[in-house]
Enquirer: 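Structure provided below as structure tokens; questions to follow.
It should be emphasised that the depicted structure is a prediction, and the values quoted were computed from it without experimental measurement. One is the number of the first residue; the rest follow in order along the sequence.
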Amino acid sequence: MVRRIDLTAADGLRLAAWEFADPPKDQAAGEAVPGVLLLHGLMGRASHWATTARWLAERHRAVALDQRGHGRSDKPADGPFTREAYVADAAAAIEQLGLGPAILVGHSMGALTAWQLAAERPDLVRALVICDMRASALGAASQREWEQWFGSWPVPFATLADVRKWFGEDDPRLERPSPARGEFFAEVMAEREDGWYPLFSRRQMLTSRETWVHDAHWDALAQVSCPALVVRGLDGELGRAEAQEMVRVLPHGQYAEVPDAGHLLHYDRPDAWRAVLEPFLAGLGPGAG
């Protein structure tokens, strides 16, 4: 089962949200099904959460959002692609779907959106999961590297097999082959007359990234009042020392790591990801685990 739900952002954009399984129907009388909102990272899409959403649906109503500029949501030529816009979109999704107070699960940029929303609107957020996202500023050099990387993509790709091979084997940014990374990017491609292109605009992705790479985000972490879990892949982008400092800064932070996983840990190692997430959810109390 998959169900698309069209939502409306505060500025009128159309946002696509997705349920990949029916929520549970055997809750005790008067007990609400806890809501979960899943937020993908930059260049991602809601379907990257499908496996997670399906096992979460055993006890939750789990909804994944295509964030603006991604997936099947609107991609306005001139944005906005600000932090404020992304946070407002997540708030609108929770309110229109009736998920609140929700458990927010975010990967990379989606994790930043999640903790900024938790800081600004604690009434909407019951708990928070931060998946491999740094709180420190990444800086201008990082943005230049991404611009150069986008320019190196051999677009259009002739076939999806070529997509999988380039992102999973041939990409110079790779330290070793990663079939899961190839599959991840194959999911965000669409076929045109002359080949396969990304669903998103690389220019818009750089615009989105520009709004947060130059700043540190520790202050917002310190304002998160709900329980929060920081999860990193051992080979991901979030180092152990920074992750543990994030846990220290969070008023109710916990730490977990997924071995043999990189930045795409929820996609790369779904069983190990579930093994660290389930105990956190169970610890939230009746109806949440």
Side-chain angles (χ1 to χ4, degrees), residues 36-42 44 48-49 52 56 83 86-87 90 102-122 125-139 141-143 145-146 173 175-176 178 180-181 209 212-285 288-289:
V36 179
L37 183 66
L38 299 150
L39 298 173
H40 61 73
L42 193 72
H48 286 148
W49 290 113
T52 297
L56 280 171
R83 286 284 81 223
Y86 281 108
V87 171
I103 300 166
L104 287 184
V105 181
H107 172 248
S108 194
M109 183 194 74
L112 176 58
T113 300
W115 88 60
Q116 289 178 328
L117 177 59
E120 294 177 16
R121 292 290 307 276
V125 184
R126 178 179 186 178
L128 171 67
V129 179
I130 297 168
C131 180
D132 215 66
M133 179 59 185
R134 299 184 61 184
S136 298
L138 303 181
S142 169
Q143 188 73 347
E145 289 169 2
W146 270 68
R173 288 167 60 100
E175 294 184 359
R176 57 178 178 270
S178 174
R181 188 173 184 266
R209 200 171 184 274
W212 52 264
V213 296
H214 302 288
D215 302 314
H217 305 283
W218 296 98
D219 288 348
L221 273 181
Q223 296 169 27
V224 174
S225 58
C226 64
L229 176 68
V230 177
V231 188
R232 62 178 289 266
L234 288 189
D235 297 319
E237 297 180 5
L238 176 61
R240 179 180 284 118
E242 183 171 351
Q244 292 178 341
E245 180 63 11
M246 290 169 68
V247 171
R248 189 192 69 78
V249 169
L250 285 159
H252 303 286
Q254 301 177 39
Y255 173 77
E257 56 189 27
V258 176
D260 300 320
H263 181 57
L264 307 175
L265 57 112
H266 63 296
Y267 194 87
D268 193 18
R269 295 287 184 268
D271 292 339
W273 159 249
R274 179 174 182 173
V276 302
L277 193 54
E278 282 190 316
F280 174 74
L281 298 177
L284 297 176

Enquirer: Using the test ring-ring contact (aromatic ring centres under 6.0 Å, His included), find all partners of W212 that sit at least two apart in sequence or belong to another chain.
Expert: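 So W212 forms no ring-ring contact (aromatic ring centres under 6.0 Å, His included) with any residue.
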
Enquirer: I need the single residue from R232, R134, R248 that forms a salt bridge (Lys or Arg N to Asp or Glu O under 4.0 Å) with E242. Which is it?
Expert: R134

Enquirer: Is Y255 close to M246 at the side-chain level, that is, under 4.5 Å between some pair of heavy atoms?
Expert: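 When only atoms from C-beta onward are counted, Y255 and M246 do not touch, as no gap falls below 4.5 Å.
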
Enquirer: Please assess V231 against V129 for the test side chain to side chain contact (heavy atoms under 4.5 Å, CB included), listing each intermediate value before the final yes or no.
Expert: CA-CA 7 Å; V231 188; V129 179; 4.2 Å; yes

Enquirer: Taking R126 for the side chain and C226 for the main chain, is one N or O donor matched with an acceptor at less than 3.5 Å?
Expert: no

Enquirer: Main chain of E237, side chain of D132: is a donor-acceptor contact present, judged purely on distance under 3.5 Å?
Expert: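 Present.
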
Enquirer: What pair of heavy atoms forms the shortest contact from D268 to A261, and how long is it?
Expert: OD2-CA, 4.0 Å

Enquirer: L221 versus Q223: any side-chain heavy-atom pair under 4.5 Å?
Expert: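 No, too far: nothing below the 4.5 Å cut-off.
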
Enquirer: Could you tell me whether the side chain of R209 reaches within less than 4.5 Å of the side chain of L138, counting heavy atoms only?
Expert: yes

Enquirer: Does V230 reach the side chain of L238, with side-chain heavy atoms less than 4.5 Å apart?
Expert: yes

Enquirer: With the side chain counted from C-beta on, respond yes when L37 and I103 share a heavy-atom pair under 4.5 Å apart, and no when they do not.
Expert: no

Enquirer: List the atom of S108, the atom of G41, and the distance in Å for their closest heavy-atom pair.
Expert: CB-CA, 4.1 Å

Enquirer: What pairs meet the ring-ring contact (aromatic ring centres under 6.0 Å, His included) rule with one or both residues in residues 256-280, with sequence neighbours excluded?
Expert: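 Every pair satisfying ring-ring contact (aromatic ring centres under 6.0 Å, His included) with a residue in residues 256-280: H48-Y267, W49-H266, H107-H263, H107-H266, F184-Y267.
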
Enquirer: Could you tell me which non-hydrogen atom of S225 sits nearest to which non-hydrogen atom of H252, and how far apart they are?
Expert: O-CD2, 3.0 Å

